[in-house]
Amino acid sequence: MEFKDIFFYLIALYILGTALMAVNTRKIFRASIWLLFSLIGVAALYFWLNLEFLAAVQVAVYVGGIVVLIIFSIFLTQKSGNQMAKTETTQTVFSALASLLGLAFLSLVLFQHSFGSDQNQELNASIENIGAQMLNPGEGGFLLPFEAVSMLLLAALVGSIVIAMKVKNKENA
Amino acid sequence: MLRLENISSFIHTSLSNHLSETSVLLLEMTIIALAAITLFALLGLILVLMERKVSAWIQIRLGPNRVGPKGIFQTAADTLKLVLKEGFVPDGADKFLYKLAPFVVMIIAMILLAPIAFAKNFAIWDLNIGVFFITAISSVSVIGILMAGWASNNQYSLLGAMRSGAQIISYEISAGMAILSIVVLTGSLQISDIVASQSNGWWLFKGHIPALIAFVIYIIAVTAETNRAPFDMAEAESELTGGFHTEYAGMRFALFFLAEYINIFIVCAIGATLFLGGWMPFHIGNWEAFNHIMDYIPSSIWFLSKTFFLIFVIMWFRWTFPRLRIDQLLQLEWKYLLPISLFNLLLITLIAIKGWHF
Amino acid sequence: MGTEELIQSIQSMFPDASINMGNNFPELVIEKDSLLSVLNQLKSEPTLAFDYLFCETCVDWKSHLTMVYHLDSTRFRHNLVIKTNLDAQAPEIESACHLYRTAELHEREIFDLFGVKFLNHPHLRRILLTDDWKGHPLRKDYDDPINMIKL
Amino acid sequence: MFEQVSTSENGELVINVGPQHPATHGVLHLLITLNGETVTKLEPNLGYIHRSIEKMCESLSYRQFIYTTSRMDYLSSHINNHACALTVESALQIEIPERAEYIRVIMSELTRMASHQLWWGAMAMDLGALSPFFYAFRERESINDIMEETCGARLTMNYFVPGGVMYDLHPNFVAKVKEFIVFFKSKIDEYDELLTGNIIFQNRMKNIGIISKEDAISYGCTGPTARGSGVSCDIRKIYPYSIYQKLDFDEVIEHGCDSFSRYQVRMKEMRQSLKIIEQLIDNIPKGEFQAKTKAVLKLPKGEFYTRVETARGELGVYIVSEGGTSPYRIKFRSPGFSNLSALEHMVKGHKIGDLVAIMGTLDLVIPDIDR
């Protein structure tokens with residue numbers, strides 16, 4: 001095993017460990033912090049793959065954005081410091097079954113796929129290439145999904161503003 | 001004259017002559033880690049002393065003047081005191097997160113140091129997404145503050161954490177826009193490229209008025225992002241007694257304190273790199289003799305003097321302005337800075353496409 | 001309006017009450033039950049307009065307590081003192097804080113230090129001393145052998 | 001004394017501001033309820049430094065009780081002493097020498113300026129600007145030095161006694177005060193440059209902490225707090241005492257009703273105080289500094305009330321005498337106590353940062369409130 005491989009397993013172990021902690025802790029704030037660490041681990045994996053841009057996006061969007069949002073919503077709910085109620089046994093069984101099913105499906109796909117065919121093909125993950133593909137309307141371009149996603153985000157933004165304004169009006173009246 | 005870039009290459013070549021590639025890598029990593037930690041300690045000591053001296057100067061006082069000549073060992077003595085202080089955990093606090101928070105803030109400040117070019121060919125990791133890496137990682141530092149505020153089990157801390165969360169997230173956008181405007185002009189995210197693009201003049205001068213606007217917005221936004229007065233809502237000692245670090249004492253408090261100064265250094269270093277040419281010496285058009293003299297000054301001196309000038313400006317803000325209110329703070333960002341910086345970015349893009357810059 | 005005229009006009013307004021000139025201000029002595037109506041009239045009468053209660057306090061005369069209200073008119077700049085006697089055992093009087101907001105804190109202080117109960121006061125509780133303090137220090141019969149030094 | 005609660009029934013945050021809090025400038029305790037950052041309820045809890053001065057005075061003689069009042073509003077100790085001395089003098093009908101009157105007014109106005117300077121620095125500090133505090137203290141120090149030379153003390157001077165003042169002026173006094181007038185005239189412009197014109201400061205002060213003229217009267221606000229709402233309430237003008245009648249000065253009234261008006265009133269009052277001192281300092285009459293009084297003072301039976309204008313507002317001294325050597329009942333109507341009652345009215349609906357700013361403009365001195 002090479003030095004590089006040891007690093008991969010270390011990162012993988014870290015991601016899995018923190019993810020396990022995230023689902024097992026019964027304090028909701030701690031769960032979000034473990035999730036944060038897990039997501040940082042994923043970013044580390046991207047760094048390991050030399051995909052710096054993706055790694056930085058992972059950190060900026062998931063860690064700096066989504067986890068902060070989660071933490072904010074935890075702050076705004078009351079009694080966030082209390083322990084959450086223990087999950088019921090049936091719930092545990094069903095979620096375990098669902099996870100196993102997911103695992104089985106994923107491994108099926110993984111084992112059916114043959115890796116190695118495009119190993120020699122250099123992956124061009126430079127920013128110029130990403131930018132060009134993002135704004136490419138033709139074959140292999142991502143302009144349409146990019147615009148669709150931005151429309152969706154805009155709709156979400158407007159929707160949240162509308163909801164927030166409605167609550168304020170009620171308070172005034 | 002001793003130049004930093006020569007030292008690094010000298011170490012690399014002398015190590016490579018004797019050892020295998022892996023061990024050279026490991027040894028260099030260790031050296032860099034030690035150097036970074038030393039730099040941290042030094043920066044902390046210098047910046048805290050500088051803050052105290054600058055504030056004393058502005059406030060017609062003497063400042064620290066007992067420990068060592070002109071008080072230069074004052075911060076070292078303070079650190080010693082803080083190390084010896086008992087670090088206790090308040091009742092009802094989330095112990096694990098309470099203890100973790102200062103380290104999160106500190107580690108993030110350390111990671112941010114990686115892509116900064118201290119001198120010619122002298123950076124820890126000149127990765128190809130340099131400035132984006134910094135924007136991304138610095139967005140995580142808010143987590144440490146939120147953690148500290150929540151885990152302290154204190155309403156003041158919680159309010160401070162909420163404030164700083166809202167504040168940092170908002171001002172990150174403006175800071176990002178300001179950084180982006182230089183990236184648009186340069187066409188690269190890599191710090192070495194950005195510095196190289198300023199060999200014939202700093203972007204502050206080359207980019208006309210939009211660059212100047214971007215620079216001003218950048219300085220305002222990073223002042224807010226590092227929780228410095230007049231935007232120190234997270235601490236706001238007269239309102240929230242100490243904000244998110246109300247309950248912290250001893251070395252844990254010192255880590256927050258240190259991280260604040262390291263963050264100031266980093267944002268000022270980025271500001272100097274983006275707008276003031278990083279380690280590039282100051283040149284004036286065709287004045288060959290003048291340019292030669294400027295070239296003779298080591299690049300590290302250029303970089304540090306620009307950075308410390310910006311640090312001084314930020315300290316000057318702190319000791320002059322009253323604090324904004326939280327809603328005014330957010331209003332400033334969302335109603336003024338963000339629209340201005342968006343429009344400014346458009347202008348800069350136009351300049352970059354048309355090649356109107358020098 | 002001179003002081004003489006002021007005394008006369010107030011006397012004509014309240015024929016039952018006695019009014020005479022004190023050392024500094026004219027003093028009107030009234031029954032405690034008529035306090036609110038007197039204050040109301042003094043405040044709303046346009047020629048008097050006593051809109052500013054600048055001092056409200058109490059004096060313990062051992063046999064009885066006396067509430068003292070110092071009134072001022074910000075328009076005409078004339079003053080009036082209103083006095084009313086209270087029972088020493090169970091002192092009780094209507095609160096003036098609906099007419100003069102400043103009375104709210106002053107009455108809490110008097111309640112705290114003299115034990116006068118103010119009816120219809122929004123939140124009458126001790127203000128300076130702790131809630132479990134025994135007695136009312138400014139009463140003449142109050143005794144605290146530890147904290148009080150007798151000269 | 002109060003229940004430890006962190007959230008109210010409807011989920012609002014309950015915070016104890018004080019008794020140990022940097023913004024309360026002393027041991028004031030405010031129990032505030034917050035909805036987000038907005039203050040919805042405010043309840044002051046007083047008495048942390050209550051010394052029952054009124055009770056103490058009942059066993060002190062008419063010479064001694066004046067000294068306790070220096071400890072009430074320690075920033076206007078001369079003016080507090082003045083009120084007590086005036087009460088005793090008016091009851092005993094003591095004529096005091098003109099020299100003493102001049103000294104008293106000069107000292108009072110110096111005290112007023114020192115108090116306003118401290119307020120200016122402390123209020124700026126409440127708003128997060130730390131440097132003005134040091135600038136304010138530079139000027140306050142020179143006033144304190146002047147006081148120290150003549151009175152021997154820097155804070156609780158105890159200089160005014162029934163019948164005049166305790167000692168004659170220090171020979172350097174006139175020269176030093178003149179020096180200070182020249183010095184301070186340039187510095188007060190510096191104050192304006194540093195803070196008044198600052199846009200952040202103006203945004204923090206304007207239209208914040210509004211109290212209308214009617215409310216200000218009803219809440220019993222006095223001093224700059226009321227004058228910022230357009231209430232004419234300067235006792236020096238409306239019920240003149242000492243030699244204020246002979247002096248040429250303006251009562252500063254602003255009509256903005258907000259924090260900025262209160263700020264402006266105090267800034268302008270400092271200039272008016274300078275004006276008063278300028279009129280007096282060159283013609284302090286020669287002669288006695290203290291009238292001959294009996295060794296033991298006995299007030300006639302009756303009630304005596306005196307009103308003076310301290311730096312914070314109207315101070316009333318109410319003495320009920322039974323003819324003995326000590327008062328039967330004494331009541332100090334302190335300006336801070338009444339001004340504090342208006343705090344909730346001003347703060348409600350504002351942010352927690354504004355609470356601090358508004359408290360700064362009220363210029364509360366806690367020993368004055370607790371007594």
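Nothing here was measured: the structure is a model prediction, and the numbers come from that model. Every chain is numbered from 1 and lettered A, B, ... according to where its sequence line falls, protein lines coming before strand lines. Computed from heavy atoms alone, side chains included, the values below leave out hydrogens, waters and symmetry copies.
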#### Entry: CD1 on I143(B) to CD1 on I71(A), rounded to 0.5 Å
4.0 Å
Which bit of [X] is near chain A, if near means a heavy-atom gap under 4.5 Å: side chain, backbone, both or neither?
{"X": "I137(B)", "result": "both"}
{"X": "L146(B)", "result": "both"}
{"X": "I145(B)", "result": "neither"}

#### Entry: Per-residue contact mode, V61(A) against chain B (heavy atom under 4.5 angstrom)
neither
### Task
Can you tell which part of F47(A) gets under 4.5 Å to a heavy atom of chain B, answering side chain, backbone, both or neither?
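The side chain, not the backbone.
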### Summary
Taking every heavy atom of R30(A) against every heavy atom of F96(B), the minimum-distance pair comes out as NH2-CB, 3.4 Å
### Query
Where do A136(B) and V59(A) come nearest, in terms of heavy atoms and distance?
O-CG1, 3.5 Å
### Message
Show, in sequence, the C-alpha distance, side-chain angles and deciding distance for L127(B) and F53(A), and conclude whether the side-chain contact (heavy atoms from CB on, under 4.5 Å) test is met.
### Response
CA-CA 10 Å; L127(B) 77 173; F53(A) 187 77; over 6 Å; no
### Task
Evaluate the side-chain contact (heavy atoms from CB on, under 4.5 Å) criterion for residues F133(B) and E52(A): first the C-alpha distance (whole Å), next the side-chain angles of each, then the deciding distance (0.1 Å), finally the verdict.
CA-CA 8 Å; F133(B) 175 82; E52(A) 284 98 353; over 6 Å; no
